[in-house]
There are 2 protein chains.
Amino acid sequence: MNSLFKALNDPTRRSILELLREQPRTAGEIAEHFQFSKPTISHHLDLLRQADLVSSDKQGQFVTYTLNMTVMDELLGWLLQFKS
Amino acid sequence: MNSLFKALNDPTRRSILELLREQPRTAGEIAEHFQFSKPTISHHLDLLRQADLVSSDKQGQFVTYTLNMTVMDELLGWLLQFKS
DNA sequence: TAGTCATTTAGACAAATATCTAAATACCCT
DNA sequence: AGGGTATTTAGATATTTGTCTAAATGACTA
């Protein structure tokens, strides 16, 4: 739960999740959408992976990142505890 | 949205929310549940208030904190955007 | 009015975080 | 093998964060 909230506590990382909502993308494609350096984006992707919010798959030189919804469901459960 | 995720990104603050889920409590009652100093808890309560996750009401010397669900609903909406 | 209690404010400090540049790694192609 | 491309790792730095103690504020009570 800690790594999840930590990962979500950054606007760039939340934007990345919204990008991946549409479709999987490579690290480079993701980086193109932001003004930060590639190492910075790589670091954000690492935190998202640590939180299990995304998974990564290496194909040749490219690394494709995919949104992983299962952890979001956990957050949803935590939230719903307040709705009663 | 920033202040919301920021507020949620701390286990103590999330515990405070869970405490308040049961019933409103004064700052002192909340502080009793933790090992941190009262100023530290006061600071956490301040961040929760900034995120509009709680509201505070001063009655005499006591300040009662109450959970505020409306912002949680906003988070819920953000989450549900991924479920489709 | 003085003393006490509840809470917050102020200021300090160590740890965590977001960012960068430079370098390393890994893969592809000729 | 060598050069180019994609990505990550390493290391540095400024900012933010969580915590503390000491002091201030505000309210009750004798």
Does B:Arg25 use its side chain to pair, donor to acceptor, with the backbone of B:Ile30 at less than 3.5 Å? no
Please determine whether a side-chain nitrogen or oxygen atom of B:Thr40 lies at a distance below 4.0 Å from atom OP1 or OP2 of D:dT19. no
Mind calculating the distance between CG (B:Leu8) and P (D:dG18) to the nearest angstrom? 12 Å
Pick the nucleotide of DNA chain C nearest each of B:Arg49 and A:Gln35; which residue has the one closer to the 5' end? B:Arg49
note: B:Leu48, atom CG; C:dT8, atom P; distance rounded to Å ~ 12 Å
Say whether, by atom type as modelled, one donor and one acceptor occur between the side chain of A:Asn68 and the main chain of A:Asp52 under 3.5 angstrom. yes
Report the distance from atom CZ of A:Arg13 to atom C1' of C:dA18, rounded to the nearest whole Å. 8 Å
How would you list, by chain and number, every residue that makes a salt bridge (charged side-chain N to carboxylate O under 4.0 Å, His left out) with A:Arg21, sequence neighbours excluded? none
Between A:Gln59 and A:Leu47, which is nearer to the 5' end of DNA chain C once each is assigned its nearest nucleotide? A:Leu47
Less than 4.0 angstrom between a side-chain N/O of A:Tyr65 and OP1 or OP2 of D:dA6, yes or no? no
Note, A:Lys83 side chain near B:Asp73 side chain (heavy atom, < 4.5 Å): yes
Using heavy-atom distances to pick each residue's nearest nucleotide on DNA chain D, tell me which of B:Gln61 and A:Lys38 is more 5'. A:Lys38
In this structure, how many angstroms lie between the P atom of C:dC5 and the CD atom of B:Glu29, rounded? 17 Å
note: B:Glu32, atom CD; C:dC5, atom P; distance rounded to Å ~ 14 Å
Checking D:dT19, D:dA6, C:dT7 against the side chain of B:Phe62 (C-beta onward), the nearest is C:dT7
Looking at every strand, decide which applies to B:Asp10 at a 4.0 Å heavy-atom threshold: base, sugar-phosphate, or nothing. sugar-phosphate
Is there a side-chain polar atom (N or O) of A:Lys6 under 4.0 Å from OP1 or OP2 of C:dT17? yes
Side chain of A:Thr26 only, heavy atoms from C-beta on: which candidate in D:dT7, D:dG18, C:dT7 is closest? D:dT7
Look at the side chain of A:His44 and decide which nucleotide, out of C:dT19, C:dT7, D:dT8, has an atom nearest to it. C:dT19
Give the rounded distance in Å between these two atoms: CZ of A:Phe34 and P of C:dA18. 14 Å
Tell me: CG of A:Asn2 to P of D:dG18, nearest whole Å? 11 Å
Given C:dT8, C:dT19, D:dT8, identify the nucleotide with an atom nearest to the side chain of B:Ala27. C:dT8
Nearest-Å distance for atom pair CG/P, residues A:Asn9 and D:dT17: 8 Å
So, the side chain of A:Arg14 versus the backbone of A:Leu8: is there a donor-acceptor pair under 3.5 Å, distance only? yes
Quick check on B:Gln81: does its CD atom have over 12 non-hydrogen neighbours (other residues, nucleotides or ligands) under 6.0 Å away? yes
With a 4.0 Å limit, can you tell me whether B:His43 has a side-chain N or O closer than that to the phosphate oxygens OP1/OP2 of D:dC20? no
Would you indicate which nucleotide in C:dT8, D:dG18, D:dT9 comes nearest to any side-chain atom of A:Ser42? D:dT9
Are any of A:Ser37's side-chain N or O atoms less than 4.0 Å away from OP1 or OP2 of C:dC20? yes
